Structure formats: C-alpha cells, structure tokens
Amino acid sequence: MKTPSNLEESGNRCETALAVWLVEAFSKAFGSEADGITLRVQAAADDRFGDFQCNDAMPLARSLKKSPRAIAEAVLAALPAPSYVEKAEIAGPGFINITVKAEWLAAELAAMAAKPLCGIPQSGAGETIILDYSSPNIAKPMHIGHIRSTVIGNALDRMYRALGYKVIADNHLGDWGTQFGVIIMGYRNFLDQAALAADPISELERVYVASYERAREDEAWMDQCRAELVKLQQGDPENRALWESFVELSLGEFERVYRRLGVNFDLHRGESFYNEMLADTVALLEREGLAEESEGALVVRLEDEGLPVCIVRKSDGGYNYATTDIATVRSRVAEFAPGRVIYVTDERQQLHFRQFFTVCAKLGITTQLKHVWFGLMRLPEGTFSTRQGNVIKLEALLDEAVQRARAIIDESDSSMSEVEKSELAAQIGIGAVKYADLSHDPQNMIVFTWDKALALDGNSGPYLQYAHARICSLLDKYSEMVPECEPRSLTMLVEGALERALVLQLLRFPTTVQRAAEACKPSIMADYLFTLCQAYSSFYQQSPVLKADPAVRDSRIALCAYVADILRQGLELLGMAAPPRI
RNA sequence: GCCCCUGUAGCUCAGUAGGAUAGAGCAGCGGACUUCUAAUCCGCAGGUCGCAGGUUCGAAUCUUGCCGGGGGCGCCA
C-alpha cells in the first residue's frame, strides 16, 4: 500500500497526517496483501462519528477473506495511534472513526493559515494555462447569456492563478463573422446618428436586426450583404474603417461591464487576429493529407473517431469557426507553449469542440485542450433565443441588482456616507449576481428569475459577505478592547461541537480550491463557502466572543480571524468583494 | 435515427472516489433582537432520490432498458 501521491500536496494537513499513519498500520498488519487499495482518510460523515473516518478496511475483506471489523481491529492493533489522536474506534461494518485532540486541530489550523494564500497548494507552478472565456460578439450588447462564460471563466482564472499556474486570460472576441456584411448594410441604410451617439451598441444592434430581417425576405439584399463582407475581407478601406469603429465602440462598452464585474483579460485577441493564418492552416491540413474535397467544401473526415466531418473551408471559399479555432490553437501553442487551453462556452458547442480537438490531435498538437461547457440560461416561460428580441442586457441586470441592494442598505439607516453606500450597493448587488451563477453546477441549466439572481438572503452572495462583515466588526471591536494584539497569535481552545465543526471546515479550504479548479466547477468553492458561513453563523449566534472570559474570548477571536481570512480569500477566488462593513 | 446533458422535499438546488439515519436555501408553521450587525440563528413539517432490472457486504452515486425535460448532429458561431 502506498500513500496516494496527491494527498501530500492536495492540502488537508490533518487527513494527510492520519493517512500516513494508517498506511503504515495497514502495511504492518497485512504487508503486501494490502497493496491493492489506495488509502483515504476523509471527513466523518456525521460529527457523532468523530472528526475523520477511514473506510478502507471494508474493500479488503474479500481478498483477505476476513471480516471487515477484524481487519480494522488488526490495523488499529498493529501500530499505536499518534499522540494527537484522541480515539480511534471501529463502528458499523468496519468504519474506522477517528477523533483527534483539540490542540492538534488548533495547531494545524494556525499552521495552515500562516502559509501564503491560506495554504492553497502550489500545484500549478511552472505550467501555463490559456483560459478562453467571455468572448462576446462585436456590435452586439452583452446580455445575460454572456454572464455564465464571463463569471465562471473568471472564477477559474482566479483559482488557477492561486494554485500557481501562469494563466493567460484571452477574450476571443467575435469580431470577424459573416454578420459584418449584414451590419454594414444596416449601418448604411438604417442608421440613426442621434441614437448612435447616445448608445452606440444598441443602435448597432438595432440596425443589424433590421438588416437581418430584410435579408431574410430579400434575396438581393442578402447578396449585397455578402458582397460587403467580401469587400471587408479583401481590405476595402471604407468597410475596414467601419469595422474598426464597430470594434472600438464595442470594446469600450465591454470594458465598462468588465470593470463592474472585476474581470480582467491579458489578451483581447478576436477572431480577426488569426485571419492571416487561416489559409496556411488549411494548407497544412491538405499537406498532411487530412483534408479533402466534399460537395465543394474542404473537410476533415472524422469517421474513425465516430464524429461528423469537420468543414474547414466552405464551398464559397470562406473559412469558418473550426478553421479559426484550429489556427488559434496553433498560434497559442507556438507563442505560449501552454500545458492546457481551457474554453468556457455554452453546451451547444460540445460537438464543435470535440471535432476540432480531434483535428488538432491529428495535427500532432499535444497540448491538453479542454472544453468547459455550461447549460443555457432559460426564462421560466421556456428557452429564449439570443437571436430574438427578448434578451435581458447584462448591464440592466447589474443595475437592477445594485438598485435592490441599495434599497436594503437605505432601510437599515446606516451611518455611511453617500459614496460608501453606493460603493457597497455595487459590491453586494454584483456579488449577488455572480454568486447566483457560481453556486450552481455549470453543467446544469439555470432558470433565470430576477428574484433568484438577485437574492439577498439564504444561500446567496450577500449571506457570505454579511458573515464576513460581522467578523470584521468583531475584530475591530477586539482591537479597541485589547490594543496591539494580533488575534492570530492567540491560542485556540476549540471547545464544543460548533467550534470543532468550524475548525474542521476551515482545514478543508486548500483541498477545496484544488478540487474546484481541477473539476472546473466554481460551484464546489461556492458550496464550501456557504457551508463555512453556516458553521460560523451558528457559532456566532450562540457563542459570545467579546463578552466571554479573557481566555475563551481570545480563543474565539482567533478562530474568528481565521474564518475572516479564509472567507475573504474564498470570495476573492470567486471574484466577489468582501466589504468590511455592511 | 444517433450523440451529449438532465430527472432528489411544493419551488430552486447540494450530495464530494459506492459507505452509516439523503442535506441546504426559498415558500409554510412556531420561537429568538434593552445583549459582539436579526441580510442572522434555533425548532417543526415536508422524500417510493423518474420507473424497472443488474453488479455487492452496502447504490441517489456504477450498469442495462424504458419514460419525461434540455441541447446538438457538413458549409452559423
């Protein structure tokens, strides 16, 4: 039996220490007969069972032809428990339940919290990850369909950076599609200059929709759109200038939204950036014998992989999405040598990604390509189409969120200044929107309702922020009572079930970051933080801190300080603010 | 027709590598603010984990079939 190699770095100090002990005990009791299993110590399923449990005696019962209980007994008898183990007992069919000493938990927590980033393992050191997310289309407003890619992508971005990866966040803008012919025609024929000055993107959207509808019923109009697109692609100065102004206007607008969301990109390379490389990429596919003509188009056959053909050049000679994506990978691999490229898009693109990943593999690209997809957001009435009109603009959602948060702040007649109140309303409102998204498993679709997206109580962003603010308030008052004292230097006693549960939850932080990032599910992190806050709130409600006797008071304030540290760190990983006062 | 996802409390969702009596939030009912921030906490009620087989000491979790929901399937991205 061997210690799982991931246990040591993955972070939970206590589970690792106990696993090391039990590995040795299993091996002493059964020698090589116990080699088949990977030992794991995990959190106890219920606090009545202790702090940790190990279930690995049970799977061995068959091969060893002994009862699981007898195996567990032999293991515990083989080696004395470490001094920090309070008790280790066998329960049920063969669970090994472990309770540890409070002093040990306190010391392990202090050691973890003293490390940089609260002990998040630096498992990504030396590896580059390119993270491709958000990717809105030029000349269209960002709507609630963009929020998932942006918010989930950004949380992954933050978690991977915390784990030591070199992350390159790249906003792969839709700036080169066939829509530009349609928009140019709309711009030339339907534009309202006043509206453009007032709200450029809405006006561009409007002329696009008008032109698109005209094209659907008017063949000649459609042909003209295609002609304008060809002119643009061939470098016609006038169309080129129009296109550049669309890009500039859109980027300005996007940047405003990203600032509100706290999202930053390292690169803004739209599809146009790779335009010059498309012909070369197709030529390479032909040279490698991967591409062939079919019905006038150039395609890569993927029948051996059980996938439909992938079109890399249309019968009209134009290139499409797959070509751009392949060229993009080649460019990124050549320039940045990433270990991974991760794409965050909606579920409808799964097949496309499987196809072009397969083509990349055929080209000998070994970089790990991963598609993180998420379910579409739907309205209660049913699916909404982004091509129809009934979209909710992202900014409108954010405005509404901030407004609702502001209403609650105003009710609570706080002594804050106007500036502080509006800053706080933004932090809470936008935190609520982000959390509503991040707290769901990405792969499930979200039914969008205002009340859920903007919830300010229960399992919500503000719940986490509120818990944090209350701790900050306690810490402030403590520093007034006991000046010059660093709470984290105080001795923790870890008394009672609530404190113990809280400490155990804090100790799970580093592992949780690792798990959430590797699974590409920020919801794992969100769920962790909610559980942490529930544990804290229960503790806070029933345990006086500042009013307790000094030794207890100091112990509790230390615990509070650690909760604040980890909560702040965790909120940061989700891209949420942690205001010190609410 | 084929592929991917999904079905857990009235509603929205968790459920970590198969483990002990399936958990939260909201909504409902009942409690707790002259006491460290009540955007909070405590309690009650609420479940044939879609249905039927299989695998095993043990299945919400793995497997097969069926039913329901969502998405996709050569020139859109």
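Worth saying up front: this structure is predicted, and the values here are computed from it rather than measured. Note on naming: letters A, B, ... go to the chains in the order of the sequence lines (proteins, then strands), and numbering restarts at 1 for each one.
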**Prompt:** To the nearest Å, how far apart are Leu298(A) CG and rG74(B) C1'?
**Reply:**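 Spelled out: CG on Leu298(A) to C1' on rG74(B) is 12 Å.
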Between the protein and nucleotides 25-34 of chain B, which nitrogen or oxygen pairs are less than 3.5 angstrom apart?
residue	atom	partner	partner atom	Å
rG25(B)	O2'	Asn459(A)	N	3.2

Which whole number of Å gives the distance between the P atom of rA20(B) and that of rA39(B)?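 Approximately 36 Å lies between the P atom of rA20(B) and that of rA39(B).
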- With C1' as the reference atom in both, quote the distance from rG47(B) to rG23(B) in angstrom, rounded to an integer.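 Looking at atom C1' only, rG47(B) and rG23(B) are 11 Å apart.
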- Item | Is_stacked (Phe49(A), rA20(B)) at 5.5 Å, 30 deg |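 Yes; centroid distance and tilt both under limits.
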Presence of donor-acceptor pair under 3.5 Å, side chain of Arg40(A) and base of rU16(B):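 By the distance-only test, no, there is no pair.
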* To do: Check if the side chain of Asn55(A) and the base of rA20(B) share a donor-acceptor pair of N or O atoms closer than 3.5 Å.
  =>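 It does not, because no donor-acceptor pair links the side chain of Asn55(A) to the base of rA20(B) below 3.5 Å.
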Show the atom names and distances, to 0.1 Å, of all donor-acceptor pairs under 3.5 Å that link a side chain in residues 292-303 of chain A to residues at least two apart or in another chain.
residue	atom	partner	partner atom	Å
Glu292(A)	OE2	Arg301(A)	NE	2.9

Could you tell me whether Ser135(A) contacts a base, only the sugar-phosphate backbone, or nothing, with contacts defined as non-hydrogen atoms closer than 4.0 Å?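 Nothing, no nucleic acid heavy atom in range.
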Practice task
Please work out whether the ring planes of Phe353(A) and Tyr343(A) are parallel, tilted or perpendicular, with thresholds of 30° and 60°.
Solution key: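 Tilted.
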### Task
Kindly indicate whether a cation-pi arrangement holds for Arg508(A) with Tyr528(A), taking the cut-offs as under 6.0 Å to the six-membered ring centre and within 45° of the axis.
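Arg508(A) over Tyr528(A) ring: no.
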* Out of Trp243(A), Phe246(A), Tyr319(A), Tyr321(A), which one pairs with Trp176(A) under the ring-ring contact (aromatic ring centres under 6.0 Å, His included) rule? ->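 The ring-ring contact (aromatic ring centres under 6.0 Å, His included) with Trp176(A) is passed solely by Trp243(A) among Trp243(A), Phe246(A), Tyr319(A), Tyr321(A).
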Pairs under 3.5 Å (N/O, protein and nucleotides 4-11 of chain B):
residue	atom	partner	partner atom	Å
rC4(B)	O2'	Gln350(A)	OE1	2.6

